[in-house]
Q: 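Can you keep this structure in mind? I'll have questions shortly.
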Amino acid sequence: MLGDQIRKARLDAGLTQEELAFRAKISRQYVSLLELGEKSPTVSTLEKIARALGVKASALLAASEDEKAGRKTPRST
């Protein structure tokens, strides 16, 4: 799930939800909803999140696709 990849990248970056929200200029509640899979980001929001995390949006999507396909190898970010 994309939310899982956002959470993993956030934790890898050592950020709290609040810090990510501030950097991406979105609400902390929205970050939480994304990570829980309750919401799906627009492309522009995903790009803001990825930029705030220092990763590529495509890497987050690819890792999510790999997870859905049952692949265990993470793609580089």
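Residue numbers run from 1 in the order of the sequence given. We use all heavy atoms of the structure for the numbers below, so side chains are in, but hydrogens, waters and symmetry mates are not.
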Q: Quick one, Pro41 and Leu2 - any side-chain contact, counting heavy atoms below 4.5 Å?
A: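 Heavy-atom side-chain distance check passes, below 4.5 Å.
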Q: Starting from Ile6, can I reach Phe22 by hopping between I/L/V/M/F/W/Y residues whose side chains sit under 4.5 Å apart?
A: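 As far as the 4.5 Å side-chain criterion goes, Ile6 and Phe22 are not connected within one cluster.
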Q: Grab the two heavy atoms, one from Gln5 and one from Ala63, that are nearest each other, plus how far apart they are.
A: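 Heavy atoms of Gln5 and Ala63 come nearest at OE1-CB, 3.2 Å.
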Q: Among pairs that include at least one residue of residues 27-41, which meet salt bridge (charged side-chain N to carboxylate O under 4.0 Å, His left out), considering only residues two or more places apart or in two chains?
A: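 The answer is Arg7-Glu35, Arg10-Glu35.
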Q: Closest heavy-atom contact between Ala52 and Leu15?
A: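 Closest heavy-atom pair between Ala52 and Leu15: O-CD1, 4.1 Å.
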Q: Around atom OH of Tyr30, are there more than 12 heavy atoms from other residues, nucleotides or ligands closer than 6.0 Å?
A: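 Counting neighbours around OH of Tyr30, more than 12 heavy atoms of other residues, nucleotides or ligands fall under 6.0 Å, so yes.
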Q: With rounding to the nearest 0.5 angstrom, report the OG to CG distance, Ser40 to Leu33.
A: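 It is 11.0 Å, given to the nearest 0.5 Å.
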Q: Ion pair present between Asp4 and Lys8, side-chain N to carboxylate O less than 4.0 angstrom?
A: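 Salt bridge between Asp4 and Lys8, a charged N being under 4.0 Å from a carboxylate O: no.
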Q: Tell me, which pairs form a salt bridge (charged side-chain N to carboxylate O under 4.0 Å, His left out) where one or both residues lie in residues 17-26, sequence neighbours left out?
A: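 Qualifying pairs, neighbours excluded: none.
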Q: Can I get a per-line list of side-chain donor-acceptor pairs under 3.5 Å for residues 43-51, giving both atom names and the distance, sequence neighbours left out?
A:
unit_1	atom_1	unit_2	atom_2	d
Ser44	OG	Thr42	OG1	3.2
Thr45	OG1	Thr42	OG1	3.0

